[in-house]
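Below is one structure, written out as structure tokens; comments come after it.
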Amino acid sequence: MSGKSIKFQFVVMIFLFVIFGAAVILQMFYINRLQLQQYCRIHETHGMISSFLKQDQDEGRILLRLRVIIADRNAAAAAARADDLASAIDDWFKAIAAWLDKSRHPELSENVTLGRNSAFAVKYLAEKKRQADAYRRVLDCCREGKFDDAQHILNIEAQFQPAARDTLAVIDRSVEDTLQRNLQRIRLIFLILSIGSLSILALMVVVGIGLYRGMLDGIAQMDMALRRISGGDFSSGVRIASPRELALLANSFNNMQNTIKIRDRKIHEDSEDIKKINEFLEQKVVSINRTVEQLEIAIRQKNEEIDMTLEMMAGELKSRLTMIGTAGEFLKHLHDRVALPEAVIHGLDKVNVGLLHLTSMSEQVAELAGIGRDSMHIQHLPMGAVLKNISDHLHFELGVAGAQLQLADDIFDCQGDGAMLEQALIKLVQNALRYRSPERECMVRIESEADILFVRYKVIDNGIGIAPEYHEKIFQAFFRINPPEGGAADGEGGLGLAIVHRIVTLHNGRVWVESTPGEGSTFIIELPKQQGR
Amino acid sequence: MKISRIVIVVLAVILGLDLLVLIGVAFFDSAGTPEPVRKVIRIGIIPDPDRPETEKTIQAFFADCCRAGDSYELRPCYTHSYEEAMAGFTHGTLDLLALNPACYLQLKRENLARILAVQKYSEEDKRYNHAVLLSVKPFRHLSATRGSRIAFSHRYSMNGYMVPYRYLQRQLPEAPERWFSSLTQTGTFRRSFEQLQSGQVDLIAVDLGWLKHFEPYRSAPDKFHILWLSPELPESVICVGVAGAYFGASVVRQFVGRLWEEAQRNAVFNRNSMAFEPENFNYETALRQLEIFLYGDIKNTDGQL
């Protein structure tokens with residue numbers, strides 16, 4: 001916790017970066033300033049040289065006028081022109097003094113070395129003053145008629161007149177010196193700032209590496225600790241001294257590790273209990289499953305026994321009824337030879353009707369009991385062909401009922417036992433014919449629809465309809481609703497829809513009815529697209 | 001712990017760099033040490049066509065003086081003639097002038113100059129520092145030269161004109177211009193000698209020291225006759241304007257003082273051909289005698305000299 005924080009180290013980094021940036025900007029600023037000064041120097045030097053050339057030209061004019069006066073050798077004429085020339089000499093000298101004063105100006109002294117500290121300026125002014133005095137002496141000699149002396153003075157002064165190029169060379173040298181000095185200054189400043197910048201950069205790198213290593217080491221320790229904890233090793237904690245944030249994180253991590261360690265121990269103890277409970281429950285489930293299986297087997301065996309019993313009873317009943325019917329027929333044939341009372345004849349007719357009914361019922365019961373007892377043949381069913389068979393099979397019944405059977409064009413195929421499903425659909429159509437409405441022509445339509453999992457076949461009729469309270473009861477055995485007047489005779493004994501329900505259930509499907517009394521009914525068989533074995 | 005130390009070091013380095021930058025900027029913003037102003041002193045040097053080494057010697061001497069006195073800058077001015085040098089010195093165009101003592105006396109009489117240093121001759125040169133009247137014809141006496149032709153070098157030459165002419169003025173019963181049939185100025189000793197050899201003139205005035213080293217004379221000295229030999233003459237001088245010239249009397253005074261100091265050093269005087277020394281009593285005496293010779297008791301004058 002004694003280490004510096006990442007925030008502090010970032011502040012140091014930013015501070016160094018700012019210093020670095022400031023050094024670079026200062027460097028650029030200073031070099032730019034010096035460049036501007038160089039331009040100023042060149043500009044001022046140009047002005048100086050121009051004004052110097054003008055003074056040199058003025059001096060040449062003065063010398064020319066003096067030589068003309070000397071050449072004339074006329075004292076009177078010389079005296080007449082002397083004043084004008086003397087004032088010209090004064091003006092010329094004042095111009096030189098002003099020029100040097102300008103060059104001595106403090107603002108320009110740095111730019112032009114002819115300034116305050118320049119030996120050239122002092123010497124130049126002294127020499128020009130001496131030359132001006134010499135020109136005045138020449139004028140005096142001319143006034144006095146000493147033209148030879150005047151000529152001699154001019155000859156001597158001519159040797160001391162610095163050529164313009166010499167002065168320009170001095171100015172050029174001074175400017176060059178200044179430029180060289182500034183160049184050295186730029187180099188030194190550049191060197192200092194570069195060293196400073198590089199030093200700061202190096203420090204930034206050092207601090208950055210320190211920061212990076214501090215963070216990376218801390219993170220690596222945390223990573224190792226996490227791996228250790230994930231491996232279940234809670235033996236040691238994480239020790240990070242710097243940076244402060246990671247040290248705090250390590251402290252929190254160690255606390256978390258301790259907490260996890262305690263909870264892990266508790267979870268371990270709990271898991272042992274749960275494990276025992278699970279083993280107990282598993283044994284229980286296995287026992288229960290075994291019991292259920294035994295019960296299922298017993299139920300199935302019992303059902304099979306019931307079905308076989310029912311079938312046997314139905315067969316026995318049917319054979320007995322056949323014998324009774326044969327006896328009735330014998331009595332009726334006996335009536336042809338022996339007159340029997342009308343009441344007996346009438347009773348025999350009723351017995352025949354009852355026998356037919358019982359025979360039909362026994363057949364239905366046998367059929368119901370036999371469904372599913374044999375193994376089912378699940379296969380792909382082209383339902384278009386199946387429905388065509390149904391239409392052909394019911395052709396006579398449809399004609400008797402004066403009904404029409406319409407098959408939709410796009411009938412979806414399905415998987416199942418073809419005989420069973422055909423039987424179920426026939427039962428539904430027969431049911432529709434049986435409960436047709438006497439008020440209108442009977443119309444039965446079969447259509448299908450499908451989704452991802454199921455195929456649904458709809459048998460739609462315009463019969464009398466079914467009240468909602470019977471929608472579920474009608475699929476129970478022996479439940480029946482009286483057919484309307486004019487409906488078909490009941491030959492099913494209330495087992496038709498129960499057979500349909502049994503067949504659909506064996507196909508893992510379901511059947512239900514949607515109906516509005518007086519308008520018609522729609523029976524829907526829903527089968528899975530893929531049949532399991 | 002370590003980071004705090006590093007931060008302190010970083011801050012110290014940054015502050016040090018800033019200080020360096022400030023020092024650098026402050027130091028290099030100044031214009032540097034001012035260049036010392038050296039006063040310009042002009043010295044007039046009269047060319048001597050017969051002794052061209054004179055110029056070099058004088059130049060070397062003043063170069064030594066200026067090196068010692070680093071406040072001064074000497075600028076030699078080689079004049080075309082004695083007239084030009086005298087006019088320049090008189091009007092202050094020249095600050096110093098190296099010339100013969102006769103010309104110096106002329107300036108001194110107008111109170112325009114005073115001696116700064118005296119040219120130091122070797123003993124042999126001193127013995128031969130005379131003016132002579134040389135002829136081919138064997139004149140027995142000066143009176144025999146009447147109607148002859150005489151040649152001088154130029155009017156400011158001490159041995160070639162001023163002293164011989166003054167002698168003739170003193171000795172002849174009438175002005176030399178009338179005594180001699182022709183009186184010419186050749187400009188140099190060599191030209192005078194050549195004219196004597198060619199017979200254009202009968203008599204010339206030359207310097208004995210020059211004549212001694214002049215090869216045509218040395219090869220056949222018997223062909224020539226010395227009519228007159230002057231007394232020993234003083235050495236040449238370097239003089240300075242009394243008024244201190246136009247660029248500042250104080251500057252000249254300082255330079256003169258410096259020149260005196262330098263002139264007293266033996267190292268400066270160890271020159272065979274030309275050397276200078278301070279003016280002493282003997283020289284003043286010799287100069288006084290020359291002044292008396294030149295300007296005292298003049299009889300036959302035409303207004304010259």
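So that the names make sense, note that chain A is the first sequence line, chain B the second, and so on, each numbered from 1.
No more than 12 heavy atoms of other residues, nucleotides or ligands lie within 6.0 Å of CZ in A:R239, so this atom counts as exposed by the packing criterion.
Under the salt bridge (Lys or Arg N to Asp or Glu O under 4.0 Å) criterion, A:E59 pairs with A:K128, sequence neighbours left out. In this structure B:K108 satisfies the side chain to side chain donor-acceptor pair (under 3.5 Å) test with no other residue, sequence neighbours excluded. A search for salt bridge (Lys or Arg N to Asp or Glu O under 4.0 Å) contacts involving A:R136 returns A:D90, A:D133, not counting sequence neighbours.
Inter-residue side-chain proximity for A:R130 and B:R42 is flagged as met; some heavy-atom pair is nearer than 4.5 Å.
Contacts of residues 149-158 of chain A with chain B at a heavy-atom distance below 4.5 Å involve A:D149, A:H152, A:I153, A:N155, A:I156, A:E157, listed in sequence order.
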